[in-house]
Amino acid sequence: MSGEVPGVDPDAVARPEFLPDPALSRAEMESLQRELAATATFADAHALDPAAVAIDEPADLTDGPPDARQGSLPGTHAEGDDTDDCDAPVVVGVDQAFLTPDDGEDEAVSAAVAIRGGDVIECASAVTPLRVPYVPGLLAFREGEPMLAALDALDADPDLLVCDGSGRIHFREAGIATHVGVLLDVPSVGVAKNLLCGEPDEPTDERPEGWRTPVRADGSVETAGTRSTADADDATVIGHAFQSRQYPNSRRVNPLYVSPGHRVSAETAVGLVDALCARYKLPEPTRLADAHADDAKRGIDPKRERD
DNA sequence: GCGACAG
DNA sequence: ATCTTGTCGC
């Protein structure tokens with residue numbers, strides 16, 4: 001057979017883990033995730049040193065969104081910035097906003113913001129149609145393609161990706177951070193605001209800033225390597241609960257759930273996120289990507305011509 | 001059968 | 001994720 005095979009796109013075959021095909025059964029998608037997890041590396045192979053990407057001063061979002069510095073800055077150097085960061089690692093944060101027109105045709109507005117040496121060096125965004133609904137555990141099939149679209153639109157080459165959502169903290173150890181990391185073969189970490197699965201070693205309520213505790217695989221997690229022992233103490237650590245932000249007196253900020261996406265260990269993943277947090281709950285890369293996605297969304301005419 | 005679940 | 005102003009607290 002030659003030529004077009006109905007429903008089969010060569011690119012999609014090369015990366016089946018992102019086929020937003022409504023015809024794919026849940027079991028097929030889960031099967032793809034098991035294959036993908038087997039390909040992932042949850043260890044520090046070529047991992048970054050948290051100290052190399054540390055950000056101490058948060059970007060100011062009040063005077064103009066991050067895309068005010070869209071693209072590469074031609075010849076402009078931040079005032080008094082004599083540090084040479086051109087060889088510092090490039091950390092890229094990705095996040096999405098959504099459009100829900102009256103006709104029900106959803107679209108994702110994805111944004112990618114590249115940071116190097118604590119400075120925003122580039123912003124990019126993309127609008128992508130969404131063809132499958134959100135299903136817990138299968139988020140990557142809905143939002144993976146939009147994320148890749150934003151990364152495609154970015155000129156910078158990421159040394160680390162910071163994704164919104166889980167990585168290894170996932171039923172089949174294949175959260176969206178793992179999907180994207182494996183596909184691009186770039187180190188990645190997942191940062192979620194809610195715990196999908198797994199069990200924190202300690203209760204996470206009312207913890208001081210900087211606090212963290214391991215999240216281990218529970219009965220709902222299919223771990224690749226380790227046999228699940230009856231005692232949960234040596235169950236695989238799939239991520240961490242991390243209190244990135246807390247107020248001195250009233251403690252009610254929820255922790256972040258950080259997990260390896262690809263080519264990073266659980267320990268290094270939290271260390272990196274810790275280093276990337278400035279004065280806010282979310283690490284700078286995701287905070288900026290979040291702002292840029294909202295901004296790009298606002299710039300879209302609700303009644304424009306869509307495809 | 002019941003529960004439980006990123007964005 | 002999204003629909004949304006003010007508001008309580010540091």
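Everything numeric in this text was worked out from a predicted model, so none of it was measured. Order of the sequence lines fixes the chain letters, A, B, ..., with proteins taken first and strands second; residue numbering starts at 1 for each chain.
- Within the 4.0 angstrom heavy-atom criterion, no nucleotide atom of any strand lies near A/Tyr257.
- We find that CG of A/Asp102 is positioned 18 Å from P of C/dT2, with the value rounded to whole Å.
- A side-chain donor from one of A/Asp44 and A/Thr268 sits under 3.5 Å from a side-chain acceptor of the other.
- Note on A/Ala97: only backbone sugar-phosphate atoms sit closer than 4.0 angstrom, heavy atoms only; bases stay farther off.
- If you check the side chains of A/Arg207 and A/Gln243, you find no donor sitting under 3.5 Å from an acceptor.
- In terms of position along DNA chain C, the nucleotide closest to A/Asp294 lies nearer the 5' end than the nucleotide closest to the other residue of the pair A/Tyr247 and A/Asp294.
- Atom CD in A/Glu209 sits roughly 16 Å away from atom P in C/dC10 (whole-Å rounding).
- B/dA6 atom P lies 18 Å from atom CD of A/Glu173, rounded to whole Å.
- In this structure, the CG atom of A/Asp290 is 12 Å from the C1' atom of B/dG7, given to the nearest Å.
- Side-chain N/O atoms of A/Lys297 include none lying less than 4.0 angstrom from OP1 or OP2 on C/dA1.
- A/Leu196 has its CG atom 19 Å from the P atom of B/dG3, to the nearest Å.
- In this structure, CZ of A/Phe98 is placed 13 Å from P of B/dA6, rounded to the nearest angstrom.
- Across all strands, A/Ile169 comes closer than 4.0 Å to no nucleic acid atom at all (heavy-atom distances).
- Nucleic acid contact for A/Leu130: none, since no nucleic acid atom lies under 4.0 Å from a heavy atom of the residue.
- A/Thr236 has its side chain within reach of A/Arg168: a pair of non-hydrogen atoms, C-beta onward, lies under 4.5 Å apart.
- Between A/Glu145 atom CD and B/dG7 atom C1' there is a gap of 17 Å when expressed in whole angstrom units.
- Looking at heavy-atom distances under 4.0 Å, A/Ser166 makes contact with a base.
- The side chain of A/Asn194 places no N or O atom within less than 4.0 Å of a non-bridging phosphate oxygen (OP1 or OP2) of B/dC5.
- Stacking of A/Arg142 on the aromatic ring of A/Tyr134 is not recorded, the 6.0 Å distance cut-off and the 45° axial limit not both being met.
- Under the stacking criterion of a centre-to-centre distance below 5.5 angstrom and an interplanar angle below 30°, A/Tyr134 is not stacked against the six-membered ring of C/dA1.
- Of the listed nucleotides (B/dA6, B/dC5, C/dA1), B/dC5 has the atom at the smallest distance from the side chain of A/Phe171.
- A donor atom on one side chain and an acceptor atom on the other are not found under 3.5 Å apart for A/Ser31 and A/Glu28.
- Atom CZ of A/Arg298 and atom P of C/dC3 are 11 Å apart (whole Å).
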